[in-house]
Amino acid sequence: LNLLRGLLRGDTRALAKAISIIEDGGSETENLLNHLYFHTGRAWVVGLTGPPGTGKSTLLTRLALEYRKKGLKIGILAFDPTSPFTGGAFLGDRFRMVDLAGDQSIFIRSMASRGGKGGLTREARNAVRLLDAFGKDMIFVETVGTGQADIEISKVADVVIVVLMPELGDEIQMSKAGLMEAGDIFVVNKADLPRAHKLVSEIRQVLGPRDGWKPMVLKTTAARGIGTSGVVAAIEDHKQFSTVAHRRQSTVSERSSHELLEVLKKSFDELLEEKISQGAAFRAAVEDIAKRRTHPRAAGKKLLNTILRSEFRN
Ligand SMILES: Nc1nc2c(ncn2[C@@H]2O[C@H](COP(=O)(O)OP(=O)(O)O)[C@@H](O)[C@H]2O)c(=O)[nH]1
Ligand SMILES: [Mg+2]
């Protein structure tokens, strides 16, 4: 596996190629990810989510640059169909992409998510693993929080930042229950606009502590870099908390359990599709049910018993 070696050596071209491979979901994907797994688990993953246009990419850029200054290696994954991180709109915006794009130690990739149930979680998780194995210390993942994505990102990120802005109208923002539950840190961006302070206090009112962590609410004007170092401090506080409270450990176990169940479900489905439903025992049971010699549940139970016994014998 040349690609894997290149990746572990820190070859950026290998990384770009590997991401394309997992994005396409081709046959090499699984093999690559399996080998990679043992080189992951080190990076800190920061998720940013929120409605379109709140300034997630702008804030993320500021945060990435601050962490870059601390000497950390940064990766950025943007799952944002409304405004791709590389290309048109964003590059057109004056200050920052030049800074980022010219910096070899910051890897940026806009991801096309196929979505679907759990799709984003899986795609983000795999891409994060590539960057992690590549040696990135901190990985930012941007998603558009229009419901499901907020929940999905919280299954991948070590800390979730929800980015809101005063313009949106608080009813719209608050009604997104998923957003409120997903956030460890809330940022009211565009504090240069009126009513930012009001939104901050409204968010504070509806938030309660979760697993011992009291979500923080901060104000930023990301476009001008105001308040962004406060967000860095909040990320560090949260990291400290997760480590001390051993929350990270239990989160990791929880995620491993979730992932194993996913794999098992898929294996059972395949077993069912490819073997069981084609077999003689299945057809016989179908006959018995049709002729009213047994009822479906009893037939199912019996069949399952037979299958499990024969599966575990070999
Ligand atoms: N007024 C104001 N505009 C901002 C601020 N931060 C970002 N923007 C602008 O808001 C727009 C959307 O920003 P972007 O980062 O692409 O938002 P995203 O869709 O959440 O990623 C852009 O035109 C930014 O220049 C801010 O602090 N104040
Ligand atoms: Mg964006």
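Computed from a predicted structure; not experimentally measured. One-based numbering along the sequence shown. Counting convention: from 1, in listed order, for ligands and their atoms alike. The figures that follow rest on heavy atoms only: side chains count, while hydrogens, waters and symmetry mates do not.
- Checked against a 3.5 angstrom limit, the closest N/O atoms of L193 and ligand 1 fall outside it.
- Looking at ligand 1, you won't find any N or O of P52 less than 3.5 Å from one of its N or O atoms.
- In terms of heavy-atom proximity, R204 sits nearest to V217 at NH2-O, 3.0 Å.
- Within ligand 1, the atoms closer than 4.0 Å to a non-hydrogen atom of T221 are 27 (O), numbered from 1 in the order shown.
- At a heavy-atom distance under 4.0 Å, no atom of R224 approaches ligand 1.
- T121 contributes atom OG1, which lies 6.5 Å from atom NE2 of H258 (distance to the nearest 0.5 angstrom).
- Defined by atom type and a distance below 3.5 Å, a donor-acceptor pair is missing between the side-chain atoms of T143 and E152.
- Of all N/O/S atoms in E142, OE2 sits nearest the Mg ion (ligand 2).
- Salt bridge E287/R283: absent, no basic N to carboxylate O contact under 4.0 Å.
- The Mg ion (ligand 2) has no N, O or S atom of T58 under 2.8 Å away, backbone or side chain.
- The residue among R62, K56, K190 with a heavy atom at the shortest distance from atom 10 (O) of ligand 1 is K190.
- Which of V163, V144, D192 comes nearest to atom 28 (N) of ligand 1 through a heavy atom is settled by distance: it is D192.
- Considering backbone and side-chain atoms alike, N189 places an N or O below 3.5 Å from some N or O of ligand 1.
- Contact check on E259 versus R129 returns a salt bridge, with a Lys/Arg side-chain nitrogen under 4.0 Å from an Asp/Glu carboxylate oxygen.
- For the pair A196 and V188, the tightest heavy-atom approach, listed with the atom from each and the gap, is O-CG1, 3.9 Å.
- We find that R125 and E262 are joined by a salt bridge, their nearest charged nitrogen and carboxylate oxygen being less than 4.0 Å apart.
- Heavy-atom distances between M165 and ligand 1 stay at or above 4.0 Å for every pair.
- Where the criterion is an N or O separation shorter than 3.5 Å, residue side chain and backbone included, A191 fails it with respect to ligand 1.
- Of all heavy-atom pairs between T54 and N189, the closest is O-ND2, 2.9 Å.
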